[in-house]
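The first residue in the sequence is number 1, and the count goes up from there. All of these numbers come straight from a predicted model, not from anything done at the bench.
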Amino acid sequence: MSTVRQRISDNADKAETEDNKNAPKEEEEETPEGLDLSGSLLPQATDQTSEVLDSALKTLPPRWRNWIVRGIFSLVMIFSFFFLIYLGPLALMLLILVIQLKCFNEIITIGYVVYRSHDLPWFRTLSWYFLFASDYFLYGENIIDRFGLLLSRDDFLEPFVKYHRFISMCLYMAGLMGFVFSLVKKHYLQQFTLFGWTHVTLLIVVTQSHFITNNIFEGLIWFFMSTSLIICNDIWAYIFGFFFGKTPLIKLSPKKTWEGFIGGAFATLIYGIIGSYILMQYDYFVCPAEYSPELGSVSMQCDPRPRVFTLQEYNLPQTIKNIFFLFGIPKTTYWTYPFFFHCIVFSLFASVIGPFGGFFASGFKRAFKIKDFGDTIPGHGGLMDRFDCQLLMGTFVYVYILCFIRAPNPNKLLQHVMMLKPEEQLDFYTKLTNELMKRGILGQ
């Protein structure tokens with residue numbers, strides 16, 4: 001009897017094993033954590049360039065080959081940057097827009113690959129639509145703030161100026177409704193995850209590029225110095241780290257060293273002082289770009305200059321005064337440009353805090369096991385690989401200007417007054433005249 005039972009049990013186990021083999025396997029849910037995208041369709045940076053340059057460098061060790069390729073394309077980017085500075089604010093604004101589009105594409109592409117979203121209905125279209133709606137609002141705010149009077153004189157553009165924010169809200173609501181209509185029952189989690197991915201990308205890329213555009217119109221020196229300080233720090237940190245680096249700085253970026261970090265900081269501080277002094281001599285850099293009602297066009301001239309770019313007298317610290325007194329030096333004050341102090345702050349931020357934008361991006365890439373965001377620039381990677389620190393720096397400078405620099409601008413106030421109706425302009429004139437008389441600024 002026990003033998004029969006054993007045979008029945010063995011047959012049942014064998015049948016169960018066969019059923020398990022024939023049963024369809026359940027797909028394991030894939031999560032971003034630990035996901036390896038290194039073999040995916042995401043393009044990665046290489047040192048491949050033109051055939052002539054590749055043949056000239058083929059005998060070099062990989063380390064030196066990468067150094068030369070990075071150097072060549074760094075110089076190309078630097079000279080292109082100087083050329084666009086020469087073209088003026090509008091050309092730089094277009095440059096920021098192009099870079100923003102490419103950075104958005106690089107980050108969103110990772111989301112597509114991670115969540116296998118190629119089959120999700122309308123998601124790619126909706127992602128770019130939200131980008132368009134965000135750009136319409138933010139860039140529109142910039143343009144209207146600077147050139148609203150000029151635009152409102154055109155009958156076709158006047159409604160877009162007057163109702164800009166309402167139109168922007170309608171555009172976003174249309175995108176939100178489109179997303180709701182695109183929801184598919186079996187893809188709810190993936191669709192809402194990518195909806196959040198898109199909005200975080202908009203916050204990181206679009207909003208911060210909007211701040212950089214604001215810096216451009218405040219005066220090219222604010223944009224040029226903040227951008228070039230990051231470039232200077234990046235180049236010199238790489239050079240010091242390449243030749244002298246021995247002590248690792250942070251695990252997220254194994255190639256970063258303390259020697260490169262400190263050497264880059266000193267070089268950036270020196271460059272900040274010298275570069276700011278040179279640029280302050282030219283109205284082209286220090287004057288904000290704005291519409292001048294008197295000239296009837298966009299102007300980059302200012303008289304008088306902003307106070308931050310004119311020599312000011314400051315009292316020496318008491319300790320310094322005491323030391324001078326011991327040596328019989330009667331000096332108690334000194335003259336300098338206020339912008340020097342601001343540029344020292346920018347240099348320290350670019351050297352100490354700015355690299356954390358790169359560390360953040362390194363952590364992001366390591367989470368998905370990819371080396372670069374793309375392969376746009378040989379030896380460097382994607383545009384996001386080069387502009388991660390720039391976004392952080394641009395945001396800091398924008399907030400810094402708002403808190404410590406910006407003052408009421410007569411030209412902007414005049415623009416707002418000129419956009420009023422004639423009877424409102426007269427009412428404003430009367431109120432302003434009465435107020436100035438009360439304060440004794442105007443005679444009766």
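- Proximity of Thr433 to Thr430: side-chain heavy atoms (C-beta onward) are nowhere separated by under 4.5 Å.
- Within 6.0 Å of OH in Tyr282 there are 12 or fewer heavy atoms belonging to other residues, nucleotides or ligands.
- Side-chain atoms of Leu391 and Phe360, non-hydrogen and from C-beta on, never get closer than 4.5 Å to each other.
- Looking at Leu402 and Tyr398, their side chains come closer than 4.5 Å, going by heavy atoms from C-beta outward.
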| said: side chain to side chain contact (heavy atoms under 4.5 Å, CB included) for Phe339 and Ile221? Distances and angles first, verdict last. | reply: CA-CA 10 Å; Phe339 187 70; Ile221 193 170; 3.6 Å; yes
| task | Determine, step by step, whether Lys102 and Ile99 satisfy the side chain to side chain contact (heavy atoms under 4.5 Å, CB included) criterion, reporting the C-alpha distance in whole Å, the side-chain angles of both residues, the deciding distance to 0.1 Å, and the verdict. | result | CA-CA 5 Å; Lys102 183 60 179 173; Ile99 292 173; 5.9 Å; no
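- Using a 30° and 60° split on the angle between ring planes, Phe160 and Phe156 fall in the tilted class, from 30° to 60°.
- Ring-centre distance between Phe211 and Phe396: not below the 6.0 Å cut-off.
- Panel note: side chain Glu218, backbone Asn214; no donor-acceptor pair is recorded below 3.5 Å.
- A donor-acceptor distance shorter than 3.5 angstrom exists from the side chain of Lys331 to the backbone of Thr333, with no hydrogens or angles considered.
- In this structure, OG1 in Thr268 is found 9.5 Å from CG in Asp234, a value given to the nearest 0.5 Å.
- For the atom pair OH of Tyr139 and CD of Gln100, the computed distance is 4.5 Å after rounding to the nearest 0.5 Å.
- Aromatic ring centres of Phe364 and Phe368: separated by under 6.0 Å.
- Counting heavy-atom neighbours within 6.0 Å of Arg165 CZ, excluding the residue itself, gives a total of 12 or less.
- When ring centroids are compared, Phe285 and Phe309 stay outside the 6.0 Å threshold.
- Side-chain contact between Phe242 and Glu259: absent, with no pair of heavy atoms (C-beta onward) separated by less than 4.5 Å.
- Separation of atoms CG (Asn434) and NZ (Lys431) is listed at 10.0 Å; rounding is to 0.5 Å.
- Nearest heavy-atom pair, Gly357 versus Leu392, reported as atom, atom and distance to 0.1 Å: N-CD2, 3.8 Å.
- Between Gln390 and Ile212, the shortest heavy-atom contact is O-CD1, 3.9 Å.
- Between Phe130 and the options Tyr172, Tyr136, Trp197, Phe179, a ring pair (Phe, Tyr, Trp, His ring centres under 6.0 Å) holds for only Tyr172.
- Taking the six-membered ring for Trp and the full ring otherwise, Phe341 and Tyr314 have centroids separated by under 6.0 Å.
- At a cut-off of 3.5 Å, with distance as the only test, a side-chain donor of Asn322 or Gln318 sits close to an acceptor on the other residue.
- Annotation for Phe240 and Gly260: closest pair CB-CA, 3.8 Å, computed over non-hydrogen atoms.
- The neighbour count for Met169 CE, taken as heavy atoms of other residues, nucleotides or ligands under 6.0 Å away, does not exceed 12.
- When all heavy atoms are compared, the tightest approach of Lys246 to Thr257 is N-CG2, 4.1 Å.
- Using a 4.5 Å cut-off on side-chain heavy atoms (C-beta onward), Ser127 and Leu131 make no contact.
- Within 6.0 Å of atom CH2 in Trp128, more than 12 heavy atoms from other residues, nucleotides or ligands are found, so the atom counts as buried in its surroundings.
- Scanning all heavy atoms of the two residues, the minimum distance from Asn215 to Gly394 falls at ND2-O, 3.1 Å.
- In this structure, Phe346 has its ring center under 6.0 Å from that of Tyr400.
- Around NZ of Lys321, the count of heavy atoms belonging to other residues, nucleotides or ligands within 6.0 Å exceeds 12.
- The line from CZ of Phe324 to OG1 of Thr319 is 11.5 Å long, rounded to the nearest 0.5 Å.
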| said: Evaluate Val205 against Phe387 for side chain to side chain contact (heavy atoms under 4.5 Å, CB included), listing each step before the verdict. | reply: CA-CA 10 Å; Val205 177; Phe387 290 92; over 6 Å; no
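- Interatomic distance, Met384 CE to Asp372 CG, rounded to the nearest 0.5 Å: 13.0 Å.
- Counting only heavy atoms from C-beta outward, the side chains of Phe82 and Phe224 approach each other to under 4.5 Å.
- Remark: Tyr334 OH is packed, more than 12 non-hydrogen atoms of other residues, nucleotides or ligands lying under 6.0 Å away.
- The backbone N or O of Ile273 lies less than 3.5 Å from a partner atom in the side chain of Ser276, making a donor-acceptor pair.
- Rounding to the nearest 0.5 angstrom, the gap separating the CD1 atom in Ile143 from the CE atom in Met93 is 4.0 Å.
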| field | Trace of the side chain to side chain contact (heavy atoms under 4.5 Å, CB included) decision for Phe359 with Lys256 | value | CA-CA 10 Å; Phe359 300 152; Lys256 298 288 193 302; 4.0 Å; yes
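- Of all the heavy atoms in His342 and Pro338, the pair that sits closest is CD2-O, 3.3 Å.
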